[in-house]
Amino acid sequence: MKRNKGKNLLTFPDDFCLVDVETTGIDPEYDEIIEIGAIRVRNGVQRDRFRMLVKPAEPIDEFIEQLTGITNEMLAEALPLKSVLPVFRTFLGDDIIVGHNINFDINFLYDGCIALNLPEISNDFVDTMRIARFVIPELEHHRLKDLCKHYQVENQHAHRAIYDCESTFEVLNHLKQDFSSSVMDWPARYKKKAKDLQAQTDIFDVTHPLYGKQCVFTGTLSRMTRAEAMQIVLNLGGTNGDNLSKKTDYLVVGSTEYSANVKGGKTGKMKKAEDYILKGCDITILSESAFYDMIAE
DNA sequence: TCTCCTCGAGATCT
DNA sequence: CTCGAGGAGA
């Protein structure tokens with residue numbers, strides 16, 4: 001049976017819920033949840049937490065006891081999943097879910113919700129492992145413990161759900177910092193297209209040089225992502241195009257150093273712009289810094 | 001240039 | 001699961 005899960009996002013959300021589950025093994029088909037931990041975050045700040053042990057149908061084996069520090073003795077007093085999961089499902093709501101290799105956890109929770117007739121978990125989610133592979137590709141491994149070591153995040157109680165949530169939160173903040181302070185950007189296929197964005201205001205300065213003008217970007221910007229730049233243009237009353245056309249007013253040229261196909265040369269959009277200009281179209285090619293000057297005020 | 005495929009390789013979760 | 005490579009077809 002196919003799971004109808006939410007989208008796997010490549011973003012750093014401000015509001016989300018960190019989630020981690022401990023289980024009796026790695027197969028959702030045969031293994032059971034023994035602990036759920038979650039931390040609700042609002043505007044980047046921890047607000048609420050959920051942590052409950054779950055009594056499984058079968059006793060857990062010694063390996064899992066060793067790994068997690070959760071013992072059969074502790075679980076003897078715990079409530080079964082049918083009592084715990086409804087509470088967790090309410091706690092989670094429709095938050096974006098954040099976790100490390102979070103598909104693992106979602107699969108267990110998703111199946112549990114279906115079995116117990118709870119609202120399906122179709123929440124969008126953010127996987128810190130996937131993000132880490134982009135942000136720090138030089139690391140040989142991207143397990144949670146490797147990331148904790150890399151960022152010097154303490155995880156004394158690794159493999160207890162709530163503490164793994166804590167570590168993941170710290171790691172996420174470091175990844176966000178590294179990502180935004182570098183010149184890298186998500187792979188092209190995840191970049192926002194012009195049509196995916198809209199202005200966040202309806203008050204515009206009609207005298208602004210970008211007002212009513214169409215901008216197209218080429219290359220990698222150093223100070224912001226392309227989506228952020230497009231957003232600024234929209235908020236100034238301008239429009240964006242994914243590709244160059246006769247209606248384009250400005251072509252903003254970022255660095256081509258990191259794009260494998262052109263490597264310092266002219267991009268297709270640049271050649272096309274020069275072509276149009278020769279044919280008499282009124283297109284202005286802007287350097288990255290000229291663009292920043294333009295949006296500065 | 002762009003999008004949509006298929007394929008195999010490799011990694012992580014308990 | 002996700003990624004990159006490589007091909008097909010605009």
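First the proteins, then the strands, lettered A, B, ... as listed; each starts at 1.
Taking all atoms of both residues into account, the shortest heavy-atom contact from A/Gly37 to A/Ala161 is N-CB, 3.3 Å.
Residues forming a salt bridge (Lys or Arg N to Asp or Glu O under 4.0 Å) with A/Arg143 (at least two apart in sequence, or on another chain): A/Asp146. A/Glu35 is linked by a salt bridge (Lys or Arg N to Asp or Glu O under 4.0 Å) to A/Arg160, counting only residues two or more places apart in sequence or in another chain.
Of the listed residues (A/Asn123, A/Asn103, A/Ile121), just one forms a side chain to side chain contact (heavy atoms under 4.5 Å, CB included) with A/Lys5, and that residue is A/Asn103.
The residues A/Arg42 and A/Asp95 are annotated as salt-bridged, a charged nitrogen and a carboxylate oxygen being separated by less than 4.0 angstrom.
Looking at heavy atoms from C-beta onward, A/Val126 lies in side-chain contact with A/Thr11 at the 4.5 angstrom threshold.
Checking A/Asp20 against A/Tyr163 by side-chain atom types alone, no donor-acceptor pair falls below 3.5 Å.
Per the geometry, CD1 belonging to A/Ile136 stands 15 Å off C1' belonging to B/dA11, to the nearest Å. Regarding A/Asn103, its CG atom lies at a distance of 13 Å from the C1' atom of B/dA11, rounded to whole Å. Straight-line distance from the CZ atom of A/Phe134 to the P atom of C/dC1: 17 Å, rounded to whole Å.
Counting only residues at least two apart or in different chains, side chain to side chain donor-acceptor pair (under 3.5 Å) contacts with residues 108-117 of chain A comprise A/Arg3-A/Asp111, A/Tyr110-A/Glu120.
In DNA chain B, stems built from 3 or more consecutive Watson-Crick or G-U wobble pairs, each with both distances under 3.5 Å, span B:1-10 with C:1-10.
Aromatic ring pairs are classed by plane angle as parallel below 30°, tilted from 30° to 60° and perpendicular above 60°; the pair A/Phe179 and A/Phe12 is tilted.
A/Arg40 forms a cation-pi arrangement with A/Phe91, by the criterion of a distance under 6.0 Å to the ring centre and an angle within 45° of the ring axis.
Taking a 4.0 Å limit (strictly below) on heavy-atom distances, residues 70-84 of chain A does not reach DNA chain B anywhere.
In this structure, A/Asn8 reaches the C/dT2 phosphate: one of its side-chain N or O atoms is under 4.0 Å from OP1 or OP2.
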Using atom names, set out every protein N or O paired with an N or O of nucleotides 12-14 of chain B below 3.5 Å, distance rounded to 0.1 Å.
{"unit_1": "B/dT12", "atom_1": "OP1", "unit_2": "A/His142", "atom_2": "N", "d": "2.3"}
{"unit_1": "B/dT12", "atom_1": "OP1", "unit_2": "A/Arg143", "atom_2": "N", "d": "3.4"}
{"unit_1": "B/dT12", "atom_1": "OP2", "unit_2": "A/His141", "atom_2": "ND1", "d": "3.1"}
{"unit_1": "B/dT12", "atom_1": "O2", "unit_2": "A/Asn101", "atom_2": "ND2", "d": "2.7"}
{"unit_1": "B/dC13", "atom_1": "OP1", "unit_2": "A/Leu144", "atom_2": "N", "d": "2.9"}
{"unit_1": "B/dC13", "atom_1": "O4'", "unit_2": "A/Asn101", "atom_2": "ND2", "d": "2.9"}
{"unit_1": "B/dT14", "atom_1": "OP2", "unit_2": "A/His159", "atom_2": "ND1", "d": "3.4"}
{"unit_1": "B/dT14", "atom_1": "O3'", "unit_2": "A/Glu22", "atom_2": "OE1", "d": "2.9"}
{"unit_1": "B/dT14", "atom_1": "O3'", "unit_2": "A/Thr23", "atom_2": "N", "d": "3.1"}
{"unit_1": "B/dT14", "atom_1": "O3'", "unit_2": "A/Thr23", "atom_2": "O", "d": "3.4"}

